[in-house]
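Below is one structure; the comments refer to it alone.
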Amino acid sequence: MAKPSLPQGTRDFNAATVRKRQYIFNTIRSVFEVYGYQPLETPAMENLETLMGKYGEEGDKLIFKILNNGLDNAAKNEKATEEFTKILLGKNTSFITERALRYDLTIPFARYIAINHNQLTFPFKRYQIQPVWRADRPQKGRYREFYQCDADVVGSKSLVNEVELATIYSTAFEKLGIDVEIRINNRKILAALAEVVGDEAKLTDITVAIDKLDKIGIGKVREELLQKGLTENQIDIIEKYLTINGSNEEKIKQLTTLLAQNEKGKTGIEEIEFLLNYQLNIVIDFTLARGLNYYTGIIFEVKAKNVQMGSIGGGGRYDDLTGLFGVPNIPGVGISFGVDRIYDVMEELQLFPTEVQIGTKVLFFNLGEAESKKAFELMQQLRNKNIACELFHEQTKFDKQFKYADKKQIPYAIIIGSKELEENIAVIKNLQTGEQQTLQQKELLLFAF
RNA sequence: GAGAGUAUAGCUCAGCUGGUUAGAGCGAUAGUUUGUGGCACUAUAGGUCGUGGGUUCGAGCCCCAUUACUCUCCCCA
(Lines give C-alpha, C1' and ligand atoms only; values in the text may rest on other atoms or scores of the structure.)
Protein backbone atom coordinates (compact mmCIF):
# COMPACT_ATOMS: atom_id res chain seq x y z
CA MET A 1 0.00 0.00 0.00
CA ALA A 2 1.19 3.49 -0.79
CA LYS A 3 2.30 5.66 2.08
CA PRO A 4 -0.56 7.89 3.19
CA SER A 5 0.02 11.58 2.64
CA LEU A 6 -1.65 14.95 2.98
CA PRO A 7 -3.10 16.99 0.16
CA GLN A 8 -0.70 19.68 -0.93
CA GLY A 9 -0.75 22.80 1.20
CA THR A 10 -2.59 21.27 4.15
CA ARG A 11 -1.26 20.42 7.59
CA ASP A 12 -1.90 18.26 10.63
CA PHE A 13 -1.61 20.10 13.92
CA ASN A 14 -0.27 18.06 16.83
CA ALA A 15 -1.32 18.58 20.44
CA ALA A 16 1.29 21.21 21.21
CA THR A 17 0.52 23.18 18.06
CA VAL A 18 -3.23 23.02 18.56
CA ARG A 19 -2.82 24.34 22.11
CA LYS A 20 -0.72 27.25 20.95
CA ARG A 21 -3.07 28.06 18.10
CA GLN A 22 -6.05 27.88 20.44
CA TYR A 23 -4.25 30.29 22.72
CA ILE A 24 -4.00 32.79 19.86
CA PHE A 25 -7.61 32.28 18.80
CA ASN A 26 -8.90 32.57 22.37
CA THR A 27 -6.91 35.71 23.05
CA ILE A 28 -8.16 37.44 19.93
CA ARG A 29 -11.70 36.18 20.46
CA SER A 30 -11.83 37.53 23.99
CA VAL A 31 -10.82 40.97 22.73
CA PHE A 32 -13.48 40.87 20.01
CA GLU A 33 -16.09 39.93 22.59
CA VAL A 34 -15.10 42.70 24.96
CA TYR A 35 -15.60 45.19 22.15
CA GLY A 36 -19.13 43.96 21.54
CA TYR A 37 -18.52 41.94 18.40
CA GLN A 38 -20.75 38.90 17.90
CA PRO A 39 -19.61 35.56 16.50
CA LEU A 40 -20.72 34.35 13.10
CA GLU A 41 -20.05 31.05 11.38
CA THR A 42 -20.83 30.34 7.75
CA PRO A 43 -20.66 27.03 5.85
CA ALA A 44 -17.42 25.69 4.41
CA MET A 45 -19.05 25.76 0.98
CA GLU A 46 -20.98 28.47 -0.79
CA ASN A 47 -22.81 28.51 -4.08
CA LEU A 48 -20.19 29.01 -6.74
CA GLU A 49 -22.16 31.96 -8.04
CA THR A 50 -21.77 33.72 -4.69
CA LEU A 51 -18.00 33.63 -4.96
CA MET A 52 -17.28 33.99 -8.67
CA GLY A 53 -16.22 37.39 -9.87
CA LYS A 54 -15.59 38.79 -6.40
CA TYR A 55 -11.84 38.30 -6.24
CA GLY A 56 -10.80 39.34 -9.70
CA GLU A 57 -9.81 37.10 -12.57
CA GLU A 58 -6.85 35.65 -10.67
CA GLY A 59 -8.97 34.99 -7.63
CA ASP A 60 -11.59 33.09 -9.57
CA LYS A 61 -8.98 30.60 -10.65
CA LEU A 62 -7.94 30.03 -7.05
CA ILE A 63 -11.41 29.05 -5.85
CA PHE A 64 -11.73 25.35 -5.00
CA LYS A 65 -14.76 24.09 -6.89
CA ILE A 66 -16.77 21.10 -5.79
CA LEU A 67 -17.79 18.54 -8.36
CA ASN A 68 -21.52 17.76 -8.45
CA ASN A 69 -22.46 14.29 -7.29
CA GLY A 70 -23.29 12.73 -10.64
CA LEU A 71 -26.49 12.81 -12.63
CA ASP A 72 -30.00 12.30 -11.28
CA ASN A 73 -31.23 11.42 -14.74
CA ALA A 74 -29.42 9.29 -17.29
CA ALA A 75 -30.99 11.28 -20.09
CA LYS A 76 -28.76 14.22 -19.19
CA ASN A 77 -25.67 12.22 -20.03
CA GLU A 78 -25.01 13.83 -23.36
CA LYS A 79 -25.55 17.36 -22.09
CA ALA A 80 -23.21 16.68 -19.16
CA THR A 81 -20.43 15.47 -21.43
CA GLU A 82 -20.80 18.61 -23.47
CA GLU A 83 -20.69 20.82 -20.38
CA PHE A 84 -17.65 18.99 -19.10
CA THR A 85 -15.71 20.10 -22.13
CA LYS A 86 -16.37 23.68 -21.04
CA ILE A 87 -14.85 22.91 -17.63
CA LEU A 88 -11.74 21.62 -19.33
CA LEU A 89 -11.51 24.96 -21.10
CA GLY A 90 -11.57 26.73 -17.75
CA LYS A 91 -15.18 27.87 -17.88
CA ASN A 92 -17.69 27.20 -15.16
CA THR A 93 -20.99 25.51 -15.57
CA SER A 94 -23.51 24.71 -12.87
CA PHE A 95 -24.16 21.45 -14.63
CA ILE A 96 -20.83 20.13 -13.39
CA THR A 97 -20.08 22.30 -10.39
CA GLU A 98 -22.40 24.55 -8.46
CA ARG A 99 -20.67 24.79 -5.10
CA ALA A 100 -17.24 25.93 -4.00
CA LEU A 101 -15.16 26.14 -0.84
CA ARG A 102 -15.05 29.42 1.03
CA TYR A 103 -12.21 31.60 -0.29
CA ASP A 104 -12.27 34.22 2.46
CA LEU A 105 -14.60 35.33 5.25
CA THR A 106 -15.54 38.72 3.86
CA ILE A 107 -17.68 37.68 0.91
CA PRO A 108 -19.66 35.08 2.87
CA PHE A 109 -20.20 37.80 5.46
CA ALA A 110 -21.46 40.19 2.79
CA ARG A 111 -23.74 37.43 1.52
CA TYR A 112 -25.04 36.92 5.05
CA ILE A 113 -25.78 40.64 5.41
CA ALA A 114 -27.52 40.69 2.04
CA ILE A 115 -29.80 37.84 3.13
CA ASN A 116 -30.47 39.07 6.65
CA HIS A 117 -30.23 42.85 6.52
CA ASN A 118 -33.92 43.27 7.31
CA GLN A 119 -33.57 41.55 10.67
CA LEU A 120 -30.20 42.87 11.75
CA THR A 121 -29.64 45.78 14.07
CA PHE A 122 -27.14 48.19 12.58
CA PRO A 123 -24.38 48.90 13.11
CA PHE A 124 -23.78 45.17 12.98
CA LYS A 125 -20.52 44.03 14.53
CA ARG A 126 -19.42 40.47 13.91
CA TYR A 127 -16.28 38.43 14.20
CA GLN A 128 -15.52 35.18 12.45
CA ILE A 129 -12.72 32.67 12.95
CA GLN A 130 -12.81 29.88 10.38
CA PRO A 131 -10.63 28.15 7.81
CA VAL A 132 -10.64 29.20 4.17
CA TRP A 133 -9.32 27.37 1.10
CA ARG A 134 -7.38 28.55 -1.90
CA ALA A 135 -6.09 26.54 -4.83
CA ASP A 136 -2.88 28.53 -4.74
CA ARG A 137 0.61 27.12 -5.23
CA PRO A 138 1.75 26.62 -1.64
CA GLN A 139 5.07 28.03 -0.45
CA LYS A 140 6.60 29.32 2.73
CA GLY A 141 3.94 30.66 5.08
CA ARG A 142 1.31 30.01 2.47
CA TYR A 143 -1.18 27.18 2.54
CA ARG A 144 -4.20 25.86 0.71
CA GLU A 145 -6.13 25.63 3.95
CA PHE A 146 -5.61 28.34 6.52
CA TYR A 147 -7.53 30.26 9.14
CA GLN A 148 -8.74 33.78 8.91
CA CYS A 149 -9.76 35.77 11.89
CA ASP A 150 -11.89 38.77 10.96
CA ALA A 151 -13.84 41.50 12.72
CA ASP A 152 -16.08 43.85 10.78
CA VAL A 153 -18.67 46.46 11.55
CA VAL A 154 -21.18 47.35 8.85
CA GLY A 155 -23.92 49.94 8.65
CA SER A 156 -21.94 52.81 10.11
CA LYS A 157 -19.81 55.51 8.56
CA SER A 158 -18.46 56.70 11.88
CA LEU A 159 -14.71 56.87 12.19
CA VAL A 160 -15.10 55.75 15.78
CA ASN A 161 -15.24 52.25 14.31
CA GLU A 162 -11.78 52.73 12.87
CA VAL A 163 -10.58 53.95 16.24
CA GLU A 164 -12.02 50.86 17.91
CA LEU A 165 -10.52 48.47 15.40
CA ALA A 166 -7.10 50.06 15.78
CA THR A 167 -7.51 49.66 19.55
CA ILE A 168 -8.52 46.04 19.10
CA TYR A 169 -5.27 45.50 17.22
CA SER A 170 -3.10 47.05 19.89
CA THR A 171 -4.97 45.34 22.74
CA ALA A 172 -4.85 41.88 21.15
CA PHE A 173 -1.19 42.09 20.23
CA GLU A 174 -0.30 43.42 23.64
CA LYS A 175 -2.07 40.45 25.23
CA LEU A 176 -0.15 38.12 22.96
CA GLY A 177 3.05 39.88 23.90
CA ILE A 178 3.95 40.88 20.36
CA ASP A 179 5.52 44.28 19.82
CA VAL A 180 3.83 45.70 16.73
CA GLU A 181 3.61 48.75 14.55
CA ILE A 182 0.13 49.59 13.32
CA ARG A 183 0.36 51.47 10.05
CA ILE A 184 -2.47 53.40 8.50
CA ASN A 185 -3.17 55.17 5.28
CA ASN A 186 -6.26 56.29 3.41
CA ARG A 187 -7.42 55.13 0.02
CA LYS A 188 -8.88 58.60 -0.49
CA ILE A 189 -5.36 59.97 -0.39
CA LEU A 190 -4.25 57.47 -2.99
CA ALA A 191 -7.27 58.41 -5.10
CA ALA A 192 -6.32 62.06 -4.69
CA LEU A 193 -2.80 61.24 -5.79
CA ALA A 194 -4.18 59.63 -8.94
CA GLU A 195 -6.23 62.75 -9.60
CA VAL A 196 -3.31 65.07 -9.02
CA VAL A 197 -1.20 62.91 -11.28
CA GLY A 198 -4.02 63.40 -13.75
CA ASP A 199 -4.98 59.83 -14.48
CA GLU A 200 -7.75 58.49 -12.26
CA ALA A 201 -8.18 55.43 -14.39
CA LYS A 202 -4.71 54.34 -13.34
CA LEU A 203 -5.61 54.27 -9.64
CA THR A 204 -5.45 50.50 -9.39
CA ASP A 205 -2.17 50.29 -11.25
CA ILE A 206 -0.72 52.97 -9.02
CA THR A 207 -1.85 51.29 -5.79
CA VAL A 208 -0.60 47.91 -6.91
CA ALA A 209 2.81 49.36 -7.76
CA ILE A 210 3.03 51.39 -4.55
CA ASP A 211 2.12 48.32 -2.53
CA LYS A 212 5.33 46.70 -3.69
CA LEU A 213 7.57 49.59 -2.71
CA ASP A 214 9.24 48.07 0.36
CA LYS A 215 9.67 44.81 -1.50
CA ILE A 216 11.19 45.92 -4.80
CA GLY A 217 12.33 49.49 -4.14
CA ILE A 218 11.60 52.81 -5.79
CA GLY A 219 13.49 52.02 -8.99
CA LYS A 220 11.41 48.99 -9.84
CA VAL A 221 8.20 50.78 -8.88
CA ARG A 222 9.08 53.48 -11.42
CA GLU A 223 9.73 50.79 -14.00
CA GLU A 224 6.42 49.14 -13.35
CA LEU A 225 4.52 52.43 -13.55
CA LEU A 226 6.28 53.24 -16.78
CA GLN A 227 5.16 49.92 -18.16
CA LYS A 228 1.59 50.70 -17.15
CA GLY A 229 1.77 53.75 -19.38
CA LEU A 230 2.48 56.60 -16.99
CA THR A 231 4.77 59.43 -18.06
CA GLU A 232 8.02 60.44 -16.36
CA ASN A 233 6.38 63.62 -15.09
CA GLN A 234 3.52 61.70 -13.53
CA ILE A 235 5.91 59.26 -11.93
CA ASP A 236 7.94 62.13 -10.50
CA ILE A 237 4.87 63.31 -8.59
CA ILE A 238 4.32 59.78 -7.29
CA GLU A 239 7.93 59.54 -6.21
CA LYS A 240 7.64 62.83 -4.37
CA TYR A 241 4.63 61.36 -2.58
CA LEU A 242 6.45 58.15 -1.74
CA THR A 243 9.44 59.92 -0.21
CA ILE A 244 7.36 61.76 2.40
CA ASN A 245 8.87 61.02 5.81
CA GLY A 246 9.26 62.07 9.44
CA SER A 247 6.86 61.97 12.37
CA ASN A 248 3.11 61.65 11.84
CA GLU A 249 2.72 65.44 12.05
CA GLU A 250 5.55 66.10 9.62
CA LYS A 251 4.16 63.61 7.14
CA ILE A 252 0.74 65.24 7.21
CA LYS A 253 2.36 68.62 6.70
CA GLN A 254 4.28 67.44 3.65
CA LEU A 255 1.24 65.70 2.22
CA THR A 256 -0.89 68.78 2.67
CA THR A 257 1.45 70.81 0.47
CA LEU A 258 1.31 68.09 -2.15
CA LEU A 259 -2.44 67.40 -2.21
CA ALA A 260 -3.99 70.40 -0.49
CA GLN A 261 -5.92 71.53 -3.55
CA ASN A 262 -7.67 68.19 -3.93
CA GLU A 263 -11.02 67.58 -2.22
CA LYS A 264 -10.50 63.85 -1.73
CA GLY A 265 -7.03 64.47 -0.43
CA LYS A 266 -8.38 66.93 2.10
CA THR A 267 -11.01 64.51 3.40
CA GLY A 268 -8.44 61.76 3.52
CA ILE A 269 -6.12 63.85 5.66
CA GLU A 270 -8.95 64.90 7.96
CA GLU A 271 -9.93 61.30 8.54
CA ILE A 272 -6.40 60.36 9.51
CA GLU A 273 -6.20 63.36 11.82
CA PHE A 274 -9.41 62.17 13.48
CA LEU A 275 -7.70 58.90 14.39
CA LEU A 276 -4.55 60.65 15.56
CA ASN A 277 -6.65 62.71 17.99
CA TYR A 278 -7.41 59.55 19.90
CA GLN A 279 -3.74 59.14 20.82
CA LEU A 280 -3.67 55.69 19.28
CA ASN A 281 -0.38 53.98 18.88
CA ILE A 282 -0.38 54.20 15.10
CA VAL A 283 2.05 55.24 12.41
CA ILE A 284 1.12 56.96 9.19
CA ASP A 285 2.54 55.24 6.16
CA PHE A 286 1.53 56.86 2.89
CA THR A 287 3.22 54.08 0.95
CA LEU A 288 0.73 51.59 2.38
CA ALA A 289 -1.70 50.55 -0.33
CA ARG A 290 -2.93 46.97 0.21
CA GLY A 291 -3.96 44.93 -2.75
CA LEU A 292 -7.67 44.50 -2.24
CA ASN A 293 -9.65 46.76 -4.47
CA TYR A 294 -12.80 47.15 -2.42
CA TYR A 295 -11.17 49.39 0.17
CA THR A 296 -12.24 53.02 -0.10
CA GLY A 297 -11.18 54.78 3.12
CA ILE A 298 -8.76 54.22 5.98
CA ILE A 299 -6.61 51.13 5.55
CA PHE A 300 -4.60 49.28 8.20
CA GLU A 301 -1.62 47.02 8.25
CA VAL A 302 0.19 45.49 11.23
CA LYS A 303 3.83 44.48 11.28
CA ALA A 304 5.70 42.76 14.08
CA LYS A 305 8.83 44.52 15.26
CA ASN A 306 12.09 42.65 15.91
CA VAL A 307 11.34 39.94 13.42
CA GLN A 308 11.57 39.44 9.69
CA MET A 309 8.02 38.71 8.60
CA GLY A 310 5.33 40.08 6.33
CA SER A 311 2.26 41.80 7.73
CA ILE A 312 0.40 39.91 10.45
CA GLY A 313 -2.83 41.83 10.11
CA GLY A 314 -4.64 44.15 7.76
CA GLY A 315 -7.94 45.73 6.96
CA GLY A 316 -9.78 48.86 6.02
CA ARG A 317 -13.00 50.61 5.12
CA TYR A 318 -15.18 49.64 2.21
CA ASP A 319 -18.28 51.50 1.05
CA ASP A 320 -20.44 49.05 -0.70
CA LEU A 321 -19.58 45.43 -0.17
CA THR A 322 -23.14 44.11 -0.18
CA GLY A 323 -23.92 46.04 -3.34
CA LEU A 324 -22.56 42.99 -5.13
CA PHE A 325 -25.57 41.10 -3.78
CA GLY A 326 -28.14 43.73 -4.59
CA VAL A 327 -28.24 45.42 -1.20
CA PRO A 328 -26.56 48.82 -1.62
CA ASN A 329 -25.60 51.53 0.87
CA ILE A 330 -24.23 49.43 3.68
CA PRO A 331 -20.76 50.79 4.38
CA GLY A 332 -18.37 48.94 6.62
CA VAL A 333 -14.88 48.59 7.99
CA GLY A 334 -13.01 45.52 9.08
CA ILE A 335 -9.72 44.01 10.16
CA SER A 336 -8.14 40.62 9.91
CA PHE A 337 -5.51 38.77 11.94
CA GLY A 338 -3.02 36.53 10.12
CA VAL A 339 -3.03 33.67 12.58
CA ASP A 340 -0.45 31.48 10.85
CA ARG A 341 2.08 34.28 10.73
CA ILE A 342 1.30 35.34 14.28
CA TYR A 343 2.06 31.77 15.29
CA ASP A 344 5.41 31.89 13.53
CA VAL A 345 6.31 35.22 15.12
CA MET A 346 5.42 33.97 18.60
CA GLU A 347 7.34 30.78 18.07
CA GLU A 348 10.40 32.67 16.90
CA LEU A 349 10.31 35.13 19.80
CA GLN A 350 9.28 32.39 22.25
CA LEU A 351 6.21 34.24 23.44
CA PHE A 352 3.97 31.29 24.25
CA PRO A 353 3.38 30.98 28.00
CA THR A 354 4.47 27.62 29.37
CA GLU A 355 1.02 26.88 30.85
CA VAL A 356 -0.36 26.73 27.33
CA GLN A 357 1.75 23.71 26.59
CA ILE A 358 0.71 21.52 29.49
CA GLY A 359 -1.93 18.91 28.80
CA THR A 360 -2.18 16.38 31.62
CA LYS A 361 -1.26 17.87 34.99
CA VAL A 362 -1.05 14.76 37.14
CA LEU A 363 -0.03 11.18 36.48
CA PHE A 364 -1.14 8.56 38.99
CA PHE A 365 1.31 5.70 39.13
CA ASN A 366 -0.09 2.23 38.74
CA LEU A 367 1.41 -0.03 41.39
CA GLY A 368 -1.01 -2.89 41.66
CA GLU A 369 -4.66 -3.76 41.50
CA ALA A 370 -5.83 -2.48 44.86
CA GLU A 371 -3.48 0.50 44.64
CA SER A 372 -4.69 1.59 41.24
CA LYS A 373 -8.30 1.22 42.29
CA LYS A 374 -7.65 3.68 45.07
CA ALA A 375 -5.72 5.91 42.68
CA PHE A 376 -8.62 5.84 40.27
CA GLU A 377 -11.00 6.91 42.99
CA LEU A 378 -8.80 9.87 43.96
CA MET A 379 -8.18 10.71 40.36
CA GLN A 380 -11.90 11.05 39.69
CA GLN A 381 -12.15 13.52 42.55
CA LEU A 382 -9.38 15.64 41.05
CA ARG A 383 -10.95 15.44 37.63
CA ASN A 384 -14.16 16.74 39.14
CA LYS A 385 -12.13 19.71 40.29
CA ASN A 386 -11.08 20.26 36.68
CA ILE A 387 -7.54 19.00 37.07
CA ALA A 388 -6.38 16.97 34.07
CA CYS A 389 -5.23 13.55 35.32
CA GLU A 390 -4.24 10.20 33.97
CA LEU A 391 -3.68 6.82 35.57
CA PHE A 392 -0.84 4.85 34.03
CA HIS A 393 -2.48 2.16 31.94
CA GLU A 394 -0.73 -0.85 33.39
CA GLN A 395 1.22 -1.94 36.40
CA THR A 396 4.88 -1.71 35.57
CA LYS A 397 8.25 -0.52 36.75
CA PHE A 398 8.69 3.00 38.10
CA ASP A 399 11.17 3.67 35.38
CA LYS A 400 8.56 3.30 32.64
CA GLN A 401 5.94 5.35 34.36
CA PHE A 402 8.41 8.16 34.95
CA LYS A 403 9.48 8.10 31.34
CA TYR A 404 5.88 8.35 30.23
CA ALA A 405 5.35 11.41 32.43
CA ASP A 406 8.56 12.87 31.12
CA LYS A 407 7.65 12.40 27.47
CA LYS A 408 4.23 13.89 27.96
CA GLN A 409 5.66 16.70 30.09
CA ILE A 410 3.32 15.94 32.94
CA PRO A 411 4.40 18.14 35.87
CA TYR A 412 3.19 16.01 38.82
CA ALA A 413 3.24 12.35 39.73
CA ILE A 414 1.18 10.84 42.52
CA ILE A 415 2.46 7.60 43.95
CA ILE A 416 0.22 5.24 45.88
CA GLY A 417 1.85 1.91 46.62
CA SER A 418 1.05 -0.75 49.18
CA LYS A 419 2.42 1.32 52.05
CA GLU A 420 0.47 4.44 51.09
CA LEU A 421 -2.65 2.40 50.52
CA GLU A 422 -2.49 1.04 54.02
CA GLU A 423 -1.84 4.38 55.69
CA ASN A 424 -4.25 6.43 53.54
CA ILE A 425 -1.48 8.68 52.34
CA ALA A 426 -0.05 9.62 48.95
CA VAL A 427 3.33 10.74 47.71
CA ILE A 428 3.15 13.70 45.37
CA LYS A 429 6.20 14.50 43.36
CA ASN A 430 6.95 17.62 41.35
CA LEU A 431 8.73 16.20 38.34
CA GLN A 432 10.38 19.44 37.34
CA THR A 433 12.04 20.20 40.68
CA GLY A 434 12.26 16.61 41.90
CA GLU A 435 10.77 17.62 45.24
CA GLN A 436 8.24 15.32 46.80
CA GLN A 437 6.02 15.30 49.85
CA THR A 438 3.68 12.93 51.60
CA LEU A 439 0.08 13.97 52.17
CA GLN A 440 -3.07 12.49 53.59
CA GLN A 441 -5.15 11.30 50.64
CA LYS A 442 -7.97 13.72 51.42
CA GLU A 443 -5.49 16.60 51.43
CA LEU A 444 -4.80 15.95 47.76
CA LEU A 445 -7.98 17.77 46.85
CA LEU A 446 -6.64 20.94 48.41
CA PHE A 447 -3.22 20.74 46.81
CA ALA A 448 -2.36 23.66 44.56
CA PHE A 449 -1.37 21.99 41.32
C1' G B 1 0.52 30.68 -15.08
C1' A B 2 6.57 30.89 -15.19
C1' G B 3 11.13 28.96 -13.09
C1' A B 4 14.56 26.15 -9.71
C1' G B 5 15.66 22.26 -6.32
C1' U B 6 14.92 17.68 -3.57
C1' A B 7 13.37 12.35 -3.19
C1' U B 8 18.10 6.72 0.80
C1' A B 9 15.42 3.62 8.09
C1' G B 10 9.78 6.47 11.94
C1' C B 11 12.75 11.64 11.74
C1' U B 12 17.36 14.53 10.06
C1' C B 13 20.83 13.29 6.71
C1' A B 14 25.91 10.62 4.94
C1' G B 15 27.01 7.38 0.89
C1' C B 16 34.08 9.10 -2.82
C1' U B 17 35.36 9.40 -10.25
C1' G B 18 29.41 3.60 -10.94
C1' G B 19 32.31 -1.98 -7.88
C1' U B 20 30.91 -7.29 -3.00
C1' U B 21 26.38 -8.20 2.56
C1' A B 22 23.62 0.50 2.03
C1' G B 23 25.70 3.75 7.04
C1' A B 24 25.44 7.57 11.23
C1' G B 25 22.80 10.56 14.74
C1' C B 26 18.12 11.05 16.91
C1' G B 27 13.73 8.29 17.90
C1' A B 28 11.36 3.33 19.07
C1' U B 29 11.56 -1.39 21.92
C1' A B 30 14.02 -4.37 25.67
C1' G B 31 17.67 -4.81 29.42
C1' U B 32 21.66 -2.81 33.12
C1' U B 33 19.54 -8.01 40.34
C1' U B 34 11.72 -5.25 40.32
C1' G B 35 9.62 1.92 45.49
C1' U B 36 12.03 7.10 42.38
C1' G B 37 12.63 9.15 36.05
C1' G B 38 15.46 12.62 32.71
C1' C B 39 21.94 10.89 31.98
C1' A B 40 25.07 6.73 30.66
C1' C B 41 25.99 1.74 28.77
C1' U B 42 24.35 -2.78 26.03
C1' A B 43 21.24 -5.22 22.69
C1' U B 44 17.14 -5.50 19.09
C1' A B 45 13.86 -4.15 15.31
C1' G B 46 13.36 -1.09 11.00
C1' G B 47 15.40 0.31 3.91
C1' U B 48 13.21 -4.14 -2.99
C1' C B 49 17.52 3.80 -2.16
C1' G B 50 9.83 7.82 -4.85
C1' U B 51 7.91 5.06 -9.44
C1' G B 52 8.78 3.19 -14.61
C1' G B 53 12.16 2.58 -18.43
C1' G B 54 17.33 2.87 -20.41
C1' U B 55 23.01 2.68 -20.53
C1' U B 56 26.58 -0.96 -18.31
C1' C B 57 29.67 -7.15 -16.87
C1' G B 58 27.74 -4.23 -12.68
C1' A B 59 23.38 1.55 -10.90
C1' G B 60 21.64 4.53 -4.48
C1' C B 61 25.21 7.16 -7.92
C1' C B 62 24.85 8.19 -15.14
C1' C B 63 20.52 9.21 -18.99
C1' C B 64 15.10 9.71 -20.13
C1' A B 65 10.19 9.84 -18.43
C1' U B 66 6.78 10.20 -14.43
C1' U B 67 4.82 11.40 -9.59
C1' A B 68 5.18 13.80 -4.99
C1' C B 69 7.18 17.45 -1.99
C1' U B 70 9.95 22.15 -1.09
C1' C B 71 11.25 27.00 -2.65
C1' U B 72 11.18 31.61 -5.88
C1' C B 73 8.26 34.88 -9.21
C1' C B 74 3.00 36.26 -10.18
C1' C B 75 -0.73 36.84 -6.53
C1' C B 76 -1.90 36.74 -1.64
C1' A B 77 -2.95 35.72 4.41
Atom [atom1] of [X] to atom [atom2] of [N]: distance rounded to whole Å?
X	N	atom1	atom2	result
A:Tyr404	B:G38	OH	P	18 Å
A:Asp340	B:C76	CG	C1'	13 Å
A:Ile28	B:A77	CD1	P	16 Å

Check whether A:Arg134 reaches the backbone of A:Tyr143 with its side chain - one donor and one acceptor, N or O, closer than 3.5 Å.
no
Backbone N or O of A:Phe392 within a donor-acceptor pair of the A:Asn366 side chain at under 3.5 Å?
yes
Counting only side-chain nitrogens and oxygens, does A:Lys400 get under 4.0 Å of the OP1 or OP2 atom of B:A30?
yes
When the C1' atoms of B:C63 and B:G18 are considered, how many whole Å apart are they?
13 Å
Given the P atoms of B:A65 and B:A28, what is the spacing between them in whole Å?
43 Å
Interface polar pairs with nucleotides 39-46 of chain B, N/O, under 3.5 angstrom:
none

Does any residue of residues 313-324 of chain A have a heavy atom under 4.0 Å from RNA chain B, and if so, which ones, in number order?
none
Can you give one letter per nucleotide of nucleotides 67-74 of chain B, going 5' to 3': B for a protein heavy atom under 4.0 Å from the base, S for sugar-phosphate only, - for none?
--S-SSBB
Lys/Arg cation over aromatic A:Phe13: A:Arg21, 6.0 Å, 45° cone
yes
Cation-pi check for A:Phe64 against A:Arg144: NZ or CZ below 6.0 Å from the six-membered ring centre and within 45 degrees of the axis, yes or no?
no
Upstream residue (5' side of RNA chain B) when A:Tyr103 and A:Lys61 are each assigned their closest nucleotide
A:Lys61
According to salt bridge (charged side-chain N to carboxylate O under 4.0 Å, His left out), who are the partners of [X], at least two apart in sequence or on a separate chain?
X	value
A:Lys125	A:Glu164
A:Arg11	A:Asp340
A:Glu232	A:Arg222

Quick test of your reading: applying side-chain hydrogen bond (donor to acceptor under 3.5 Å, both in side chains), list the pairs with at least one residue in residues 409-427 of chain A, sequence neighbours left out, ordered by first then second residue.
none
Return the set of residues passing side-chain hydrogen bond (donor to acceptor under 3.5 Å, both in side chains) with A:Gln401 (not counting sequence neighbours), or none when no residue passes.
none
Quick note, A:Lys407 side chain, CB onward, closest among B:U29, B:A77, B:A28 is B:A28
Quick one: are the ring centres of A:Phe447 and A:Phe449 less than 6.0 Å apart?
yes
A:Phe146: ring pair (Phe, Tyr, Trp, His ring centres under 6.0 Å) partners, not counting sequence neighbours:
none
Could you list the residues that satisfy ring pair (Phe, Tyr, Trp, His ring centres under 6.0 Å) with A:Tyr343, not counting sequence neighbours?
A:Phe352
Can you tell me which stems involve RNA chain B, if a stem is defined as three or more consecutive Watson-Crick or G-U wobble pairs, both distances under 3.5 Å?
B:1-7 with B:67-73, B:10-13 with B:23-26, B:28-32 with B:40-44, B:50-54 with B:62-66
Give the intermediate values and the outcome of ring-ring contact (aromatic ring centres under 6.0 Å, His included) for residues A:Tyr127 and A:Phe109.
CA-CA 10 Å; A:Tyr127 72 87; A:Phe109 173 56; over 10 Å; no
Strictly under 3.5 Å: I want the nitrogen or oxygen pairs between protein and nucleotides 34-36 of chain B, one per line.
residue: B:G35; atom: O6; partner: A:Ser418; partner atom: N; Å: 3.0
residue: B:G35; atom: O6; partner: A:Ser418; partner atom: OG; Å: 3.3
residue: B:G35; atom: O6; partner: A:Lys419; partner atom: N; Å: 3.3
residue: B:G35; atom: N1; partner: A:Glu420; partner atom: OE1; Å: 2.9
residue: B:G35; atom: N1; partner: A:Glu420; partner atom: OE2; Å: 3.3
residue: B:G35; atom: N2; partner: A:Glu420; partner atom: OE2; Å: 2.5
residue: B:U36; atom: O2; partner: A:Lys429; partner atom: NZ; Å: 2.8
residue: B:U36; atom: O2; partner: A:Gln436; partner atom: OE1; Å: 3.4
residue: B:U36; atom: N3; partner: A:Gln436; partner atom: OE1; Å: 3.1

With sugar-phosphate meaning primed atoms plus P, OP1 and OP2, does A:Ile312 contact a base, only sugar-phosphate, or nothing at under 4.0 Å between heavy atoms?
nothing
So what does A:Tyr143 hit on the nucleic acid, given a heavy-atom distance under 4.0 Å: a base, only sugar-phosphate, or nothing?
base
